[in-house]
2 protein chains.
Amino acid sequence: MKFPKIPMAAINRLSIYIRALEELEEQGTKVISSERLAKQCGVNPAQIRKDLAYFGEFGVRGVGYRIEDLIREIKEILGLDRTWNIAMIGVGNLGSALIRHGNFIKHGYVFAAAFDIDPHKIGKRLPNGLVIHHIDDLEKVVKECDIHIGVIATPASAAQSVANQLIIAGVNGILNFAPAQIQVPECCHVENVDFTIKLDSIAYHLSTSGT
Amino acid sequence: MKFPKIPMAAINRLSIYIRALEELEEQGTKVISSERLAKQCGVNPAQIRKDLAYFGEFGVRGVGYRIEDLIREIKEILGLDRTWNIAMIGVGNLGSALIRHGNFIKHGYVFAAAFDIDPHKIGKRLPNGLVIHHIDDLEKVVKECDIHIGVIATPASAAQSVANQLIIAGVNGILNFAPAQIQVPECCHVENVDFTIKLDSIAYHLSTSGT
DNA sequence: CCCTCTATGTGATTTAATTCACTTTAATAA
DNA sequence: TTATTAAAGTGAATTAAATCACATAGAGGG
Ligand SMILES: NC(=O)c1ccc[n+]([C@@H]2O[C@H](COP(=O)([O-])OP(=O)(O)OC[C@H]3O[C@@H](n4cnc5c(N)ncnc54)[C@H](O)[C@@H]3O)[C@@H](O)[C@H]2O)c1
Ligand SMILES: NC(=O)c1ccc[n+]([C@@H]2O[C@H](COP(=O)([O-])OP(=O)(O)OC[C@H]3O[C@@H](n4cnc5c(N)ncnc54)[C@H](O)[C@@H]3O)[C@@H](O)[C@H]2O)c1
C-alpha cells in the first residue's frame with residue numbers, strides 16, 4: 001500500500017462498486033472477478049483493480065474478490081464502518097422528502113436534527129420524530145446531537161449564510177442542494193447536487209444527436 | 001470553430017457559467033472578463049476560454065464577454081434556446097417534490113406528464129394540473145405530449161423496466177434518481193443522480209481529514 | 001509435490017484534461 | 001492616426017486519469 005494522491009473519481013467509483021457488490025451478495029454470490037464486476041458497473045476491469053490498489057490488496061490471484069470481505073474493506077476505506085449524523089437545514093419541499101426517505105439510514109446516515117427559519121415550522125415534529133429547530137440554535141443543537149454533516153435545502157439566497165453557520169458550529173461536511181456556489185474554508189468539504197446541470201447535459205446531447 | 005471532441009466536464013461547466021452569468025446580469029453587470037467569471041465559478045480563467053473556444057469566439061479581446069450575448073450563446077450551445085417536455089415516472093416522495101419545484105420551468109424544463117403504477121394514484125390530479133397516468137400508457141401519452149426527457153423516480157427495482165419502456169416510447173434522454181445502474185442503447189443518454197454517492201464522498205473526506 | 005490455470009496487482013503506455021505562456025485583436029485615449 | 005493596453009484566443013507543456021499487457025501468486029487437480 002503506497003500513498004499516491006487518489007483521484008476523486010476513484011472514490012466515487014468505490015460507492016458504485018459497493019452498491020453492485022451488495023446486490024450480488026443478496027443474490028448469494030460469494031466471489032467475483034474484476035471483469036464481471038466491471039461489466040455490472042459499466043467500467044474497465046483494470047480500473048477496478050487500480051482503484052482498489054490505491055488502498056491495498058483485497059483479492060485472491062486466480063480467483064477474484066470475496067464479496068463479503070470486499071464490501072467490508074471498501075466501507076472501511078470510505079469511512080462507512082460507522083454511522084454519520086446529519087442535520088437538515090431547510091425543511092421545505094425537498095428537505096422533508098429527503099428526511100422521509102428511508103434509504104439513507106440503510107447506508108449509515110442518520111437524520112439527527114432539522115432546522116428552518118420559518119416561525120410556523122419551528123417546534124413542529126416530523127414523521128420520524130425530529131423536532132424542527134430554529135436556525136439560530138444550530139450551534140447548540142449541533143453540539144448536543146453530535147452532527148457531522150449538514151445538508152443545505154434552503155433557497156439559494158440563504159445557502160452561503162447557512163454554510164457559514166454550519167462551519168462556525170464545527171460541521172466540516174456539507175451536501176448542498178441549493179443552486180449556489182458556496183465558499184468554504186479548506187477544512188470543509190462541500191458536495192453540490194444540482195439537477196438542472198444534469199438536465200442541461202441531457203438537453204445538450206439531445207440537441208446534438210439530432211433528436 | 002474547429003471540431004475536436006468536447007470533454008463532458010466542459011459541457012457541465014457551461015451550465016455553471018450560465019448560472020453565474022444570470023446572477024451577474026440581474027445585478028446589472030454588462031461585461032465580464034474570464035478572470036472575474038472564473039473566480040466566481042471557482043475555476044481557472046484559461047479553462048473558461050478553452051471551454052468556450054470549443055464552440056466559437058464569443059468575447060471581445062481587451063474587453064471581455066458581453067454577458068447578455070454570452071448567456072444567449074451558451075444557451076444555444078446547450079440547446080436551451082427552447083423548452084423541453086419532461087415526463088415524471090414514479091410520483092412518490094421525490095417525484096412529487098420535483099414536480100412541485102418551480103425552478104425547472106425557469107430553465108425551460110416543463111413537466112408535461114406524470115406516470116405511476118399504483119392504482120390509488122392513477123387519475124389523481126397534481127397541484128400543477130397534471131393527471132397521473134398508468135405506466136402502461138407511457139408510449140401513447142409520450143406521443144401526445146411530445147415528451148423529450150424522462151425522469152425516473154421509482155424504486156430501484158423498477159428502474160430498468162421503466163427505462164426500457166421510455167426507450168420504446170422514443171424518449172432518448174433519461175434522468176435517473178433510482179440507485180440502479182440502467183442499461184440503455186447508444187442512442188439514449190442517461191444521467192444519474194445519486195445522493196448517497198455524494199454523502200459517501202463527504203464521509204471519506206471527513207474520515208481521512210481527521211474529523 | 002509439482003504443474004496448470006486463472007485472475008490479481010502493477011509498471012509502462014496511452015489518452016484525456018487542464019494550465020501555461022504567448023500572440024492577436026479590439027477599444028480607447030493621446 | 002497611432003500608441004497603448006487589456007483581455008480573448010490558442011498552440012505547447014504539463015498534469016492527471018484510464019487502459020494495456022504482462023509478471024506474479026494462489027488454488028486445485030493429478
Ligand atoms: N424541490 C426540489 O425538487 C428541488 C430540486 C432542485 C433543487 N432544489 C433546491 O433545493 C432548495 C430547497 O428547495 P425546496 O423546494 O425544498 O424549497 P422550499 O421553499 O420548499 O423550502 C425551503 C425551506 O428553507 C427554509 N429556509 C429559508 N431560509 C432559511 C434559513 N436561512 N435557514 C433555515 N431555513 C431556511 C424555508 O423556510 C423553507 O422551509 C432550493 O435551493 C431549490 O432550488 C429543490
Ligand atoms: N425521496 C428521496 O429523498 C430520495 C433520495 C434519493 C434517492 N431516491 C430514490 O428515488 C426513487 C424514488 O424515491 P421515493 O422516495 O419517491 O419513493 P416512493 O416509494 O415514495 O415513490 C416511488 C413511486 O414509484 C411508483 N412506482 C413503482 N414502480 C413503478 C413502475 N414500474 N412504474 C411507475 N411507477 C412506479 C410507486 O407507486 C411510487 O409512487 C427511489 O429509487 C429512491 O431510492 C429518493
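Letters A, B, ... are given to chains in the order of the sequence lines, protein chains preceding strands, and every chain is numbered from 1.
- Ring geometry for A:Phe111 versus A:Phe104: interplanar angle over 60°, hence perpendicular rather than tilted (30 to 60°).
- Residue-environment remark: NZ (A:Lys30) stays at or below the threshold of 12 foreign heavy atoms within 6.0 Å.
- The separation between A:Glu73 atom CD and C:dT8 atom C1' is 15 Å, rounded to whole Å.
- With respect to the salt-bridge test (charged N to carboxylate O, under 4.0 angstrom), the residues A:Lys75 and A:Glu22 qualify.
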Can you pull every protein N or O that's under 3.5 Å from an N or O on nucleotides 15-19 of chain C?
from: C:dT18; atom 1: OP1; to: B:Arg13; atom 2: NH1; distance (Å): 3.1
from: C:dT18; atom 1: OP2; to: B:Arg13; atom 2: NH2; distance (Å): 2.9
from: C:dT18; atom 1: OP2; to: B:Gln47; atom 2: NE2; distance (Å): 3.4
from: C:dT19; atom 1: OP2; to: B:Gln47; atom 2: OE1; distance (Å): 3.2
from: C:dT19; atom 1: O4; to: B:Lys50; atom 2: NZ; distance (Å): 3.1

Could you go through nucleotides 22-29 of chain C and list every protein N or O atom that sits under 3.5 Å from one of its N or O atoms, giving the distance for each pair?
from: C:dT24; atom 1: O2; to: B:Arg61; atom 2: NH1; distance (Å): 2.9

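- With A:Asn85 as the partner, the side-chain contact (heavy atoms from CB on, under 4.5 Å) test is satisfied by one option alone out of A:Val171, A:Val142, A:Ile147: A:Ile147.
- Note: B:His205 and A:His189 have parallel aromatic rings, judged against thresholds of 30 and 60 degrees for the angle between ring planes.
- Rounding to whole angstrom units, CZ of residue B:Arg66 and P of D:dA8 are separated by 14 Å.
- Put simply, B:Ser34 has a side-chain N or O that comes within less than 4.0 Å of OP1 or OP2 on D:dA8.
- Between A:Tyr17 and A:Asp51 the shortest side-chain heavy-atom distance falls below 4.5 Å.
- When rounded to the nearest whole Å, the span between CZ of B:Phe55 and P of D:dA8 equals 18 Å.
- Remark: C1' of C:dA7 and CD of A:Glu57 are 13 Å apart, rounded to the nearest angstrom.
- For A:Tyr65 and C:dT6, the shortest distance from a side-chain N or O to OP1 or OP2 is not below 4.0 Å.
- Computed from coordinates, the B:Glu35 CD to C:dC20 C1' distance equals 14 Å when rounded to whole Å.
- Rounded to a whole Å, the CD1 atom of A:Ile48 is 14 Å from the P atom of D:dC20.
- At most 12 heavy atoms of other shown residues, nucleotides or ligands fall within 6.0 angstrom of atom CZ in B:Arg36.
- The CG-P distance, from A:Leu37 to C:dA7, rounds to 14 Å in whole Å.
- For A:Lys39, the NZ atom sits in a loose shell: 12 or fewer heavy atoms of surrounding residues, nucleotides or ligands are nearer than 6.0 Å.
- Counting to the nearest Å, the C1' atom of D:dA7 and the CZ atom of B:Phe58 are 17 Å from each other.
- Ring geometry for B:Phe55 versus A:Tyr204: interplanar angle over 60°, hence perpendicular rather than tilted (30 to 60°).
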